[in-house]
Each structure stands twice: as C-alpha cells, then as structure tokens.
Amino acid sequence: MEPIVWEWVNLLVRWLHVVTAIAWIGSSFYFIHLDLSLRRRDGLPPGVAGEAWQVHGGGFYNMMKYTVAPPELPEKLTWFKWEAYATWLSGFALLSVLYYHGAELYMIDPAVLNIPWWGAVLLSLGALGLGWHVYDRLCKSPLGKDDVKLAAAGFVFLVLVAWGLSHLFSGRAAMLHVGALIGTMMSANVFRIIIPNQTKAVAAMKAGQVPDPALGKQAKQRSLHNNYLTLPVVFLMISNHYPLAFGTRYSWVIVAVVLVVGAVIRHFFNSRHAGKPTPWWTWAVAAAGVAVIVGLSAAGTRTESAAAPARVEFAQVEEVVLSRCSMCHAAQPVWEGIGVPPRGVMLDSAEAISRHAPQIRTWAALSDAMPPGNVTGITPEERRLLAVWTDQLPR
C-alpha cells in the first residue's frame, strides 16, 4: 500500500508545483512585458514613468507605472508574491517526496560519491542555502553596480555549481539541483529583496516620506535576473525525464549552454516588448546552442569503457538486462518502494527486451540514467555491449 500512497503524493505535489509555477511565470512574464512596453507622453501625472494601453477580454486597460510611488497610497493594493512562495514550497515538497525519500535511487551514485542517504540530503540542503548566499553576496558586491559584469559572474558561478554537483550526486539529481538552486535564488529574490523593498516604500509613504529610489532599483535588478533565469530553470526542472540531458558525460556543460540559450530567447522577447530593433540573431545563437547540446549528449556516459566488441549476441544482452534491470522492470517489481514497473516498461522476457530496445539504448547505453544510482552495479563494459547490440538492430 505504501508505494501506491507515495505515488499519489508524488503526482499531487507535482501537480501543485506545476500550477503554482504557471501562475508565477505568467505574472512575471506579464509584468516584464508591461514594464518594457511603457511609453512616455505629455500630460502624464507627476512621477509616472510611462503608460501602456492594452486590450483583453473585451475591454481596454490603461496601465501607468510610478517610478518610485504615487502621491497617495491607494486603499487596495495587490501584492504579487504568493505565486513565488507557493512555487518554491511545493517544489521543495516535491524534492523531499521524490529525491529525499528515494535518495538511494535518485540522488546517490556510488561511482560518483558513495554516501548515506542522510549525507545526500545534507549536501542538498547545504547547496541550496550556500548557493543563495553566494549569489546574494555577488549582487551586493561592487559587481552589482554593473549589470553586465554581474551577469557574467552569475553565469560562471552557476556553471561551477553544475560542475561541482556532478561530482556529488547522480546525473539526474545534479542537474535537477542546479534548477532547484536557481528556483531558490528566484524565490528568495522575491522574499528577501523585492517584497521587503516594496514594503519599505509603502511604510515610507504612510509616514509621509518619499521612498528611497535605491529600493526600487535593487528590486528591479533582481526581477530582471528572475526574468532571464525563467527559461533555463524550466528546462532543468523537466530534464529529469530526458536521460540524454542529465545522464551523459558533459551534462554540466549542457547546463552552461542552456543558460545561454534561455537568456538569448528572453532577450529577443524583451527587446520586442521594449520596441527596440528585433534581435533576430538570438534565434541563430539559440539554434547553435541546441545543436551543441545534442552533440554533447552523444558523448556517452560519465564512465570510460573498454573497446567495443565487434558483434554482440542476444544471449549476452538478455543476461545483462535480466541481471541489472528486471528487478524493477517486471510485472511485480522486487525493489522496495516500487509498486509498478517504471514507465510501464517490463524487461523480464526476451520478447520484452527486444521490444524496448530503443528505450534500453537511450536510458542504459548512451546515458547512465538507468539503473538509477546504478544500484545494480552495471559496468561500463555492459553498457557498451548494449550500445553495440542496439546499433546492430535494423533501423
């Protein structure tokens, strides 16, 4: 009964996380678009940076933005913060349900770092907490006065994190934790900087004072970071379903390329919203980045193997799959905590093994995604054997 309960908890928490993320990303994209599309004109009220006219749902909207604050605080003021908080909380709950609860399967790879489950959890928590602290200090350092230099430093920092995590966790957990760190940075930007600064501005107005413009400038910088990190974090969060992204030799380099691809795509839309010349070159950069990612994913697993055999017999393949994979991929899995065969794939017969050859190639030959955490101890030579066998099959 317990595996069934955990499966449903996993699904429901994942559903909540996706819904809250849609709400947060949607509001973020909308306000970035609104901010960039504001235009100045004569006759605007004092303190207004610009206005925008919009049409939606059969009506027209006239939007204005005050650079610091309006002369008088309105009676009702909508705060956009709960979407960010709910996204992080539901994401951490999902991390706990899936990765912390199943650390032996999804976080630990003995070939990378053989540690107990609680050690993996502590490393995870430490990476998220320390990662936010380093990023926050970078923003508050002299680098924070130059957006370009700060962006470069932040990029280098995240790439170093991706490389470091690839030496602590399984490929799946390493890439997901880079996404979790970025999500933590984005949510903490809202919780620690953006909302507190807005709260200070409101308090100053209530006290009859003029809010400090530096508060708004700092909040806008963090909001801009969130905007450019949104697309990469979405990629990293869904990467755990795609073994050629996380389970190959250069997965940390793939993270670096994804950061660039996501940023240039956002730059395209931000430029369009701002009425600037359309930077069509960004799509060429994005396409080149995707091509690089595909090439990197073909480099093979993180472990070296001996020379490939000239030909592989099916009996050899059957022996490897039955001994390394069938304890989970069977009608009644024998691995504790797994109630049904993952993805509905059963590999407990010769016919089933042949039918699922493409999945075997992707998940266990070209990448080290399966077995998760290499819990059954499949060797590099056995992975190479599977790769050669799938190469022999008719296309």
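Only this structure's heavy atoms are used, side chains among them; waters, hydrogens and symmetry mates stay out.
A pairwise comparison of heavy atoms in A352 and M346 identifies CB-O, 3.1 Å as the closest pair. A pairwise comparison of heavy atoms in A387 and T390 identifies O-OG1, 2.9 Å as the closest pair. The minimum heavy-atom distance linking A365 with T301 is given by the pair O-CG2, 3.9 Å. A pairwise comparison of heavy atoms in F246 and S251 identifies O-CB, 3.7 Å as the closest pair.
At least one donor-acceptor pair under 3.5 Å links the side chain of Q221 to the backbone N or O of G144. No donor-acceptor pair under 3.5 Å is formed between the side chain of T248 and the backbone N or O of S367. No side-chain donor-acceptor contact under 3.5 Å links N374 to the backbone of D109. Here the side chain of S271 pairs no donor or acceptor atom with the backbone of K276 at under 3.5 angstrom. Between the side chain of S326 and the main chain of D348, no donor-acceptor pair closer than 3.5 Å is present. One N or O on the side chain of S141 and one on the backbone of L138 form a donor-acceptor pair closer than 3.5 Å. No donor-acceptor distance shorter than 3.5 angstrom exists from the side chain of S354 to the backbone of E351, with no hydrogens or angles considered. Under the 3.5 Å distance criterion, the side-chain polar atoms of H133 are left unmatched by any main-chain donor or acceptor of G129. Between the side chain of R172 and the main chain of N240, a donor-acceptor pair closer than 3.5 Å is present.
With sequence neighbours excluded, the residues that form a side-chain contact (heavy atoms from CB on, under 4.5 Å) with V345 are H329, R343, L347, H356. Remark: H33 pairs with S37, Q54, H273 by the side-chain contact (heavy atoms from CB on, under 4.5 Å) rule, at least two apart or across chains. Among residues two or more places apart in sequence or in another chain, the ring-ring contact (aromatic ring centres under 6.0 Å, His included) test is passed with H241 by none. Every residue meeting the ring-ring contact (aromatic ring centres under 6.0 Å, His included) condition with F191, not counting sequence neighbours, appears here in chain and number order: Y85. Judged as a ring-ring contact (aromatic ring centres under 6.0 Å, His included), and not counting sequence neighbours, the contacts of Y135 are W132, H225.
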- Passes salt bridge (Lys or Arg N to Asp or Glu O under 4.0 Å), R222 versus D136? Steps please. CA-CA 10 Å; R222 299 298 181 101; D136 186 51; 2.8 Å; yes
- Go through V258 and V178 one step at a time and tell me if the side-chain contact (heavy atoms from CB on, under 4.5 Å) criterion holds. CA-CA 12 Å; V258 166; V178 178; over 6 Å; no
- Message: For a side-chain contact (heavy atoms from CB on, under 4.5 Å) check, start with the C-alpha distance between M185 and L158, then their side-chain angles and the critical distance, and finish with the verdict.
- Response: CA-CA 11 Å; M185 289 160 46; L158 289 175; 4.1 Å; yes
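Contact annotation: the side chain of R14 approaches that of L98 to within less than 4.5 Å [non-hydrogen atoms, C-beta and beyond]. Proximity of L168 to I115: side-chain heavy atoms (C-beta onward) are nowhere separated by under 4.5 Å.
For the atom pair CG of N227 and CD1 of I32, the computed distance is 4.0 Å after rounding to the nearest 0.5 Å. The CE atom of M64 lies 10.5 Å from the CG atom of L38; values are rounded to the nearest 0.5 Å. Annotation: the span from T20 atom OG1 to E83 atom CD amounts to 9.5 Å, rounded to 0.5 Å. From S96, atom OG reaches atom CG of L125 across 8.0 Å, with rounding to the nearest 0.5 Å.
A donor-acceptor contact under 3.5 angstrom links the side chains of Y100 and S124, judged on distance only.
Through direct or indirect side-chain contacts shorter than 4.5 Å among Ile, Leu, Val, Met, Phe, Trp and Tyr, L12 is connected to W15, V19.
Across R41, R40, M63, R39, a single residue satisfies side-chain contact (heavy atoms from CB on, under 4.5 Å) together with E51, and that is R41.
Under the 6.0 Å cut-off for aromatic ring centres, F80 and W24 do not qualify, their centroids lying 6.0 Å or more apart.
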